[in-house]
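Below is one structure; the comments refer to it alone.
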2 protein chains.
Amino acid sequence: MKPKIQDVAKTAGVSPTTVSRVLNDRGYISKETKEKVYQAMKEINYIPNDLARSLYNKRTHLIGVIVPSASNPFYGDLVTHIERCCNDKGYKVLLCNSVHEAEKEKKYWEMLLRNQVDGVIVVTYNRGLIDLKQHLPAVAIDHYLSKQIQVVSSDNFQGGKLATEELIAQGCKHIAHINGAATIETPANDRRFAYQQVMINNGLTPIIYEVHDNQLEVIQQLFAEHPEVDGIFASDDILAIKSWQYAIKQGYRIPEDLKIIGYDGTELIRSIYPELATIIQPIAQIAEKSVELLDRQINEQEYAIAPAILPVSLCKGSVLD
Amino acid sequence: MKPKIQDVAKTAGVSPTTVSRVLNDRGYISKETKEKVYQAMKEINYIPNDLARSLYNKRTHLIGVIVPSASNPFYGDLVTHIERCCNDKGYKVLLCNSVHEAEKEKKYWEMLLRNQVDGVIVVTYNRGLIDLKQHLPAVAIDHYLSKQIQVVSSDNFQGGKLATEELIAQGCKHIAHINGAATIETPANDRRFAYQQVMINNGLTPIIYEVHDNQLEVIQQLFAEHPEVDGIFASDDILAIKSWQYAIKQGYRIPEDLKIIGYDGTELIRSIYPELATIIQPIAQIAEKSVELLDRQINEQEYAIAPAILPVSLCKGSVLD
DNA sequence: AAAATACTGTCAACCGATTGACATATGATT
DNA sequence: AATCATATGTCAATCGGTTGACAGTATTTT
């Protein structure tokens, strides 16, 4: 049987209350007793049962993190940084991969509630199931879930603007934008708005393609319908790289005939594709801010719900530089 | 206050015991009562407290997963698949990023024990702190931790053999191998053994470089000391890609002057670097096997501790094909 | 000498659910 | 009429730790 507080008390020759006092640093305890207790804990290999503690304290120090998947480098980085920040603040991460499925996400919410998590960080876009969250502290990254849920995102509008303006500055006339489904209400839509606005302000015609399942299909369609394209602003780096590869195969020269700017700018992609221009999202900062805001929600009864928007930057890559 | 079983009982007009019976499907319950109870739960938005249940049942359905980081695509994929498999079996994942630090890993082990996890999956290589695990079900991926811990890995020897033999078949005479620190006892060392053996069997001289912190430095060193190199077997894809890039910069033509084979073969890398040859590790299978073995350890008192070795395959990429 | 502070112990309630023992009340079977 | 399976309730213990109330002692401070 696992040793419990009673056993520690017995081997230390003190009362269970004293052990608890030592563990929680409450009331008066002499140095000698403290050491006796610690010694006893080491001796019998005692490890406190956080379930029991949490049950009484109504605090688990658990944070649920719902992400589509950790395979995508952006989400992978995000998860890594979130975990790090949580750990710094004494929180543990319960990881949930929603795989973009609303049904799964709903189940995960319920699971997290059953597990009495202190809060949730969501990086998915399924509205409507927030009624489930009954006053649970929550932060959404890059997605509007509801008015009551705090949003952390990078400056998507600025990102779209930076990318489009750079392409124009590089002399592109026929700039296309490829992005995910536009129906979803996410701050990422601001990238598209910025693109459209900058294009129109410069007297250019926006060309927009939406990717659903098959990325390659849409890329093919884009090049088939707009062979004159000389600039592409893709809403993520993978999409940008795939467009790049397809363009090369079609005989385009990069950057002479066609310039491409991606989005996200994870360390991984920048290190293995240094030639790619991209908009860098401050992933570490997004993670930090999210955890910080969530922590505040958990610990303070009063807090303002205002979106936090973090700055992006343009990485020209070796090709546009 | 959150509703508890008592509240459900009250609104359903039954006793708490009956509610528990419904929840756990035990003893006799009529359909009508069942429905009354479910109705009541819905009405007052009842969500069972898994802390309390776990405390009594001594089963948390929590699995600790210790990984260096989810940022690396291999680990990211692994985490994603492990989470999926766990979820399929009703387990929840407590994620820990050890960042290659023994101290952190030790703390994570203790944290997991405090949280009464049912088992642990480790993907790190710090020996010596296994005394901490006091009969906790555990599986190590790609690392020997101790005799008592079950290992799941892919066939690293076969991977090293496949890669080296392919380079030789392609006509390479001066084949170098770059890998991580060799001092660590990991199945990944078998890649190097296989490389050495195949080289020697073919009358070739092994050239081995070890990467510690700075990858680029070692790559530079390799090319400086062995400009005659015409084949590289790198122990992961990132390393392979960086070598590739450096070689190109140095004026090597690929594959005419130099052929490179990487390792891991994650979906991400294969999709954005289709030209790269690599040894594909069956990540999904590794995850599945690990969870399956861990689940068996958790549920069965008797189990054999034998390493599970899964097959790898060579992906020639568009360059070696 | 009285009062305050430091230290430890005993005891019981509590966190939210589970479970076994036992009582009771139907309706269906023999 | 006796027996049995079905259905529900009451009660108390349990999981492992926390906490407040209170008692008792020893040492310091005023």
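Chain A is the first sequence line, chain B the second, and so forth, proteins listed ahead of strands; every chain is numbered from 1.
We find that CE of Met1(A) is positioned 11 Å from C1' of dC15(D), with the value rounded to whole Å. Counting to the nearest Å, the P atom of dG9(D) and the NZ atom of Lys10(B) are 14 Å from each other. Rounded to whole angstrom, the span from the NZ atom of Lys4(A) across to the P atom of dG16(D) amounts to 4 Å. At whole-Å resolution of the value, CD1 in Ile47(B) and P in dA17(C) are 11 Å apart. Nucleotide dG17(D) holds its P atom 8 Å from the CD atom of Gln6(A), rounded to whole Å. Counting to the nearest Å, the P atom of dC15(D) and the CZ atom of Arg59(B) are 18 Å from each other. When the C1' atom of dG16(D) is taken as reference, atom CG of Asn115(B) falls 14 Å away, rounded to whole Å. Taking atom CZ of residue Arg53(A) and atom C1' of nucleotide dG16(C), one finds them 18 Å apart after rounding to whole Å.
Side chains of Asn156(B) and Asp142(B): a donor on one and an acceptor on the other come within 3.5 Å. Looking at Asp77(A) and Ser71(B), their side chains do bring a donor and an acceptor atom within 3.5 Å of each other. Side-chain N/O atoms of Tyr108(B) and Asn97(B) include no donor and acceptor closer than 3.5 Å. For the residue pair Ser15(A)/Thr18(A), the side-chain donor-acceptor check at 3.5 Å is satisfied. Side-chain atoms of Gln116(A) and Thr60(A) include no donor-acceptor pair closer than 3.5 Å. At a cut-off of 3.5 Å, with distance as the only test, no side-chain donor of Glu43(B) or Thr11(B) sits close to an acceptor on the other residue.
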Quick one: which protein N/O atoms are closer than 3.5 Å to N/O atoms of nucleotides 26-29 of chain D? Pair and distance per line, please.
none

Would you tabulate the pairs of protein nitrogen or oxygen atoms and nucleotide nitrogen or oxygen atoms of nucleotides 2-6 of chain C closer than 3.5 angstrom?
from   : atom 1 : to       : atom 2 : distance (Å)
dA6(C) : OP2    : Tyr28(A) : OH     : 2.6

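Of all heavy-atom pairs between Ala9(A) and Pro16(A), the closest is CB-N, 3.6 Å.
Using a 4.0 Å cut-off between charged nitrogen and carboxylate oxygen, Arg296(A) and Glu292(A) count as a salt-bridge pair. Ion pairing between a basic and an acidic side chain is recognised when a charged N comes within 4.0 Å of a carboxylate O; Asp50(B) and Lys92(B) show such pairing. With salt bridges taken as basic N to acidic carboxylate O contacts below 4.0 Å, none links Lys106(A) and Glu110(A).
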- Worked verdict on Leu94(A) versus Leu112(A) for side-chain contact (heavy atoms from CB on, under 4.5 Å): CA-CA 8 Å; Leu94(A) 260 177; Leu112(A) 295 174; 4.0 Å; yes

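Using a distance-only test at 3.5 Å, with no hydrogens or angles considered, no donor-acceptor pair links the side chain of Ser98(B) to the main chain of Glu101(B).
Heavy-atom nearest nucleotides on DNA chain D were determined for Leu55(B) and for Lys36(B), and the one closer to the 5' end corresponds to Lys36(B). Remark on DNA chain D: of its neighbouring residues Ala52(B) and Ser30(B), the 5'-side contact belongs to Ser30(B), judged by nearest-heavy-atom nucleotide.
Val19(A) comes within 4.0 angstrom of no nucleic acid atom, judged by non-hydrogen atoms across all strands. Across all strands shown, Ser15(B) has heavy atoms under 4.0 Å from base atoms, whether or not it also approaches the sugar-phosphate.
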- Per-nucleotide protein contact along nucleotides 19-25 of chain D, 5' to 3', at a 4.0 Å heavy-atom cut-off (B base, S sugar-phosphate only, - neither), is BS-----

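Contact check, Lys58(B) against dT14(D): no side-chain N or O comes under 4.0 Å of OP1 or OP2.
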